[in-house]
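To start, the structure under review is shown below, and the notes come after it.
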Amino acid sequence: MIYLDNAATTPVSDEVLDAMMPFFSEKFGNPSSIYALGREAKDAVNESRETVAKPLGASPSEIIFTSGATESNNLALKGVCQSAANILRSTPHVIVSSIEHHCVLDSAKYLTKSYGVDVTYLPVNEEGLVDPQDVADAIRENTALISVMYGNNETGSIEPIAEIGKVVAAAREARKKSENVLPIVFHTDAVQAFQYIDIDVDKLGVDMLSLTAHKFYGPKGVGLLYVRKGTKFSPQQQGGAQERNLRAGTENVPYIVGMAKAMQLAAEHRAEAANKITELRDYLIERMKEIPDADLIGPKDPEKRLPHIASFLFKRIEGESILINLDLVGIAASSGSACTSGSLEPSHVTKAMGYGDMEAHGATRFSLGKMNTKTDIDELMKHLPVIVAKLRAMSPIK
Ligand SMILES: *Cc1c(COP(=O)(O)O)cnc(C)c1O
């Protein structure tokens, strides 16, 4: 099989698995227990917290371990809104981009449906980029949270997070002058970006940041939420004092250890991995020119693209049909986000970029990882032109 769906998930690397293994068996203690076995587990969680804080430029006390980015994003949106509602004694306003992962968009919709929270969905341009000026224009007196993702999982667009951070800092200053006491929190989903982009929470000016381990060779079901010291939010899970009373539940020790190892390795090998994957992606983009009417979507400027993602619109055919045909020859790719594939809904990301429903159906994403080689791309390009030509011959749209 040729796996070209690394933005959906990646396999656990050997080093990560080795680091995790003892915590399933001989080091099985509960970190809350006071005897040696428990303390050993607690030490492992604390060490992991230090390890994951480092590549973010954060301090360990600013890390909350979660079950993944879905939980982290839910916690950020719901936790900040609940706390803001308590301060305001009325419903807050939230700003999110229209190309966020469904776990952000659906949390925003839930807040509107359940509590009447007003949400502004920021537009993107035809390259899938948010304009920081639009963020500035959208901020109101009761804006409690702004959430814009760092790297998009469908197009690979890199959003101007540091610029938006400056907009938020200016809004914060203006609030001080007008004696508006509502904090304004800036959150980013950095799941796809972490592996390939140096991240420093201070340089970005973010207050909250979400990650999930399985997008960079760690296990599925573990993630984190960075929360800047002093940021107000209400915990969403009760029942224990774990994570400094901010996220109840026995810590998933082996997975936390695995995530820490995966983050450490990703940060250590970041530059070389980014170079290698960029080269491979550019080869894929170049070879794709052999197929007529296959348009690369997302930013034209390679600097504004994540190294590992390239999505193409194959005109007059549906992405789903391409995926099924690729699967028949042992090639795994995706139509945008794994959560929407199978639903036959056109991607909200491509639609937000201005493509019509019909065009948005043709989007196919190839996302590369460390196992991929040029040979994989050559193999893909042996089959894909044939598949596209066959599907187009059958297509009712000419
Ligand atoms: C995968 C992904 C998520 C969700 O991560 P889970 O591990 O499923 O919780 C959130 N945001 C982005 C951008 C992703 O790619």
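Every number for a ligand or one of its atoms is a count from 1 in the order of the listing.
For S107 and N74, the side-chain atoms include at least one donor-acceptor pair closer than 3.5 Å.
A salt bridge does not link E379 with K374: none of the charged nitrogens is closer than 4.0 Å to a carboxylate oxygen. Ion pairing between D18 and K261 fails under the 4.0 Å rule for side-chain N and carboxylate O.
Using a distance-only test at 3.5 Å, with no hydrogens or angles considered, no donor-acceptor pair links the side chain of R244 to the main chain of E62.
Ring geometry for F366 against F312 counts as tilted: the plane angle lies between 30° and 60°, on a 0 to 90° scale.
Within 4.0 Å of ligand 1, protein heavy atoms come from G68, A69, T70, H101, C103, M149, N153, D189, V191, Q192, T212, H214, K215.
Screening residues 155-206 for ring pair (Phe, Tyr, Trp, His ring centres under 6.0 Å), with sequence neighbours left out, gives F194-F216, Y196-H308.
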